[in-house]
Every structure is written in structure tokens, then in C-alpha cells.
Amino acid sequence: MTDSKILAEIKASIKTIPDYPKAGIQFRDVTSLVENGDAFAKSVDALVEPYKNMGITKVVGAEARGFIFGAAVANKLGCGFVLARKPNKLPRETISQSYQLEYGEDELHIHKDALDENDVILLVDDLIATGGTIEASVKLVRSLGAKVNHAAFVISLPDLGGEDKLKQLNIEPFSLVSFEGE
Ligand SMILES: O=P(O)(O)OC[C@H]1O[C@H](OP(=O)(O)OP(=O)(O)O)[C@H](O)[C@@H]1O
Ligand SMILES: Nc1ncnc2[nH]cnc12
């Protein structure tokens, strides 16, 4: 368990931008955390901690902010990192899944040969809001036969219901900091 003082430092490093990218959205900007070397290192350590002895074979992270933390967590766990990318970015054969966001809709692709039934996956992203992105990632991973029951985030926005959606998919969510009613 990461110390609450460290978690408070991590939270304080995240800037909030009102009305970005649309009116009414409180944008929780993880770039300000990543720009702070100490907060970035502590965030990655805290994300890795619960998964050290869980037999994770690969981390999956979604473009673009999921790449930052997903790759760092995979490296610390000593496993591979699989990129879930927006359309027309991956060169080999892919499968795809469309999804809704807090402020739009999109589609994620994953290489068909990146995972198989022997893989145990940890999903990593910077933030969970509606859960649309991570639900699409769960569907992609499971449709390739890999096992996934855990997802880790730096930031949770519980008011948007994403963590509840994940529990219905039999995914245990874990997040470092939460912005609720703020
Ligand atoms: O829980 P959700 O409602 O799906 O929202 C969370 C997702 O939204 C953001 O990504 P975005 O699609 O804005 O793309 P980016 O990483 O390229 O900025 C964020 O990095 C998460 O992946
Ligand atoms: N409110 C928010 N802040 C930052 N990233 C987001 N992705 C979806 N909702 C977001």
C-alpha cells in the first residue's frame, strides 16, 4: 500500500483545466504529473505495487496517455507491453472495437497476434471516466482468448461510473487518486 502522503503529492501534481476540451468538462491533466519527475516515478511505483506477484504476462494500454504509464508499468513488471491504438496506426492484422467517451467516440485496434490464451493481462491507463476505453480494451483482450481481471489507473472519476462498469465485466479496478464531486 502506497503511503497516503505520497498519494496526496501525486494528486497535487495533477492540474485541473475547466471547460476543456468542451464546456462543462473538468479536464484532469496528467501531463502536469508526468512533467514532474518525482510524481511520475512515485506514480509508476504505486501502480506496479499490487501486481508484482500476480503472474501478469503482458500489460495492455490505450493510445495515447495509456502508453505513458502502461509501458513504464510493464517495464517494471518485466513483461511485454501491447499497444491498443486508434484506427490506421498498427501495421499487422488487427481486431477493433468502437466505444463512447466523456466527450466523443472512438475506436481501438490491437494486433491479432499480440496476445493468446496463455496470456494474463493487466490493463493500464492514466484515467477512468465513463469506462468506455477500458471496456473496449477488455473486449479486445478477451476476444483474443487472453485472461484479464485487473485494471490500474492513476486517476479515477467515480461520478462518471466507469469503475462500476468494470465490476460488471468482472474486472477489479485500482486507482491511485480520485476526483469525486470536485
Ligand atoms: O473512461 P473513458 O470515458 O473511456 O475515458 C478515459 C480515457 O479518455 C482519455 O483518453 P482520450 O480518448 O481522450 O485519448 P488520448 O489518450 O489520446 O488523449 C484517457 O486517457 C482515457 O484513455
Ligand atoms: N475529465 C477528463 N479529464 C482528463 N481526461 C479525460 N478523459 C475522459 N474524461 C477526462
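Whatever order the structure lists ligands and atoms in, that order sets their numbers, starting from 1.
Within the 4.0 Å heavy-atom criterion, the part of Asp126 lying near ligand 1 is the side chain and not the backbone. When non-hydrogen atoms are compared, ligand 2 lies under 4.0 Å from the side chain of Arg65 (C-beta onward) but not from its backbone. Contacts of Lys86 with ligand 1, taken as heavy-atom pairs under 4.0 Å, involve the side chain alone.
Here is the list of ligand 2 atoms found below 4.0 Å of a heavy atom in Ala129: 8 (C), 9 (N).
Residues Ser156 and Glu163 bring a donor and an acceptor atom of their side chains to less than 3.5 Å of each other.
Side chain of Asn149 to backbone of Ile171: no donor-acceptor contact under 3.5 angstrom is found. Of the possible donor and acceptor atoms, one in the side chain of Asp29 sits under 3.5 Å from a partner among the backbone N and O of Thr31. The backbone N or O of Asp45 lies less than 3.5 Å from no partner atom in the side chain of Lys76, so there is not a single donor-acceptor pair. Counting only distance, with no hydrogens or angles, the side chain of Asp159 and the backbone of Gly181 share a donor-acceptor pair below 3.5 Å.
Polar contact check, Tyr99 against ligand 1: no nitrogen or oxygen pair lies under 3.5 Å apart. Considering backbone and side-chain atoms alike, Ala64 places an N or O below 3.5 Å from some N or O of ligand 1. For ligand 1, the polar-atom distance check against Gly131 finds a nitrogen or oxygen pair separated by under 3.5 Å. Between Ala129 and ligand 1, at least one N/O pair is under 3.5 Å apart.
For Leu157, the closest heavy-atom approach to ligand 2 falls below 4.0 Å.
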Donor-acceptor pairs under 3.5 angstrom involving side-chain atoms of residues 8-18: please list them, not counting sequence neighbours.
{"residue": "Glu9", "atom": "OE1", "partner": "Lys42", "partner atom": "NZ", "Å": "3.0"}
{"residue": "Lys11", "atom": "NZ", "partner": "Ser178", "partner atom": "O", "Å": "2.8"}
{"residue": "Lys11", "atom": "NZ", "partner": "Glu182", "partner atom": "OE2", "Å": "3.0"}
{"residue": "Ser13", "atom": "OG", "partner": "Ile10", "partner atom": "O", "Å": "2.6"}
{"residue": "Thr16", "atom": "OG1", "partner": "Arg28", "partner atom": "NH1", "Å": "2.8"}

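For atom 4 (O) of ligand 1, the nearest protein heavy atom (residue, atom name, distance) is Thr133 OG1, 2.6 Å. Looking only at heavy atoms of the protein, atom 10 (C) of ligand 2 is closest to Glu102 OE1, 3.3 Å. The nearest heavy-atom contact from the protein to atom 7 (N) of ligand 2 is Tyr103 OH, 3.3 Å. The closest protein non-hydrogen atom to atom 13 (O) of ligand 1 is Tyr103 OH, 2.7 Å. Nearest protein heavy-atom contact of atom 3 (O) of ligand 1 is Thr130 OG1, 2.5 Å.
Using a 4.0 Å cut-off between a side-chain N of Lys or Arg and a carboxylate O of Asp or Glu, Lys86 and Glu63 do not qualify as a salt bridge. A salt bridge is defined here as a Lys NZ or Arg NE, NH1 or NH2 lying under 4.0 Å from an Asp or Glu carboxylate O, and Glu135 with Lys139 meets this definition.
Ring-centre distance between Phe69 and Phe40: below the 6.0 Å cut-off.
Between atom 22 (O) of ligand 1 and the options Thr31, Asp106, Asp125, the minimum heavy-atom separation is to Asp125.
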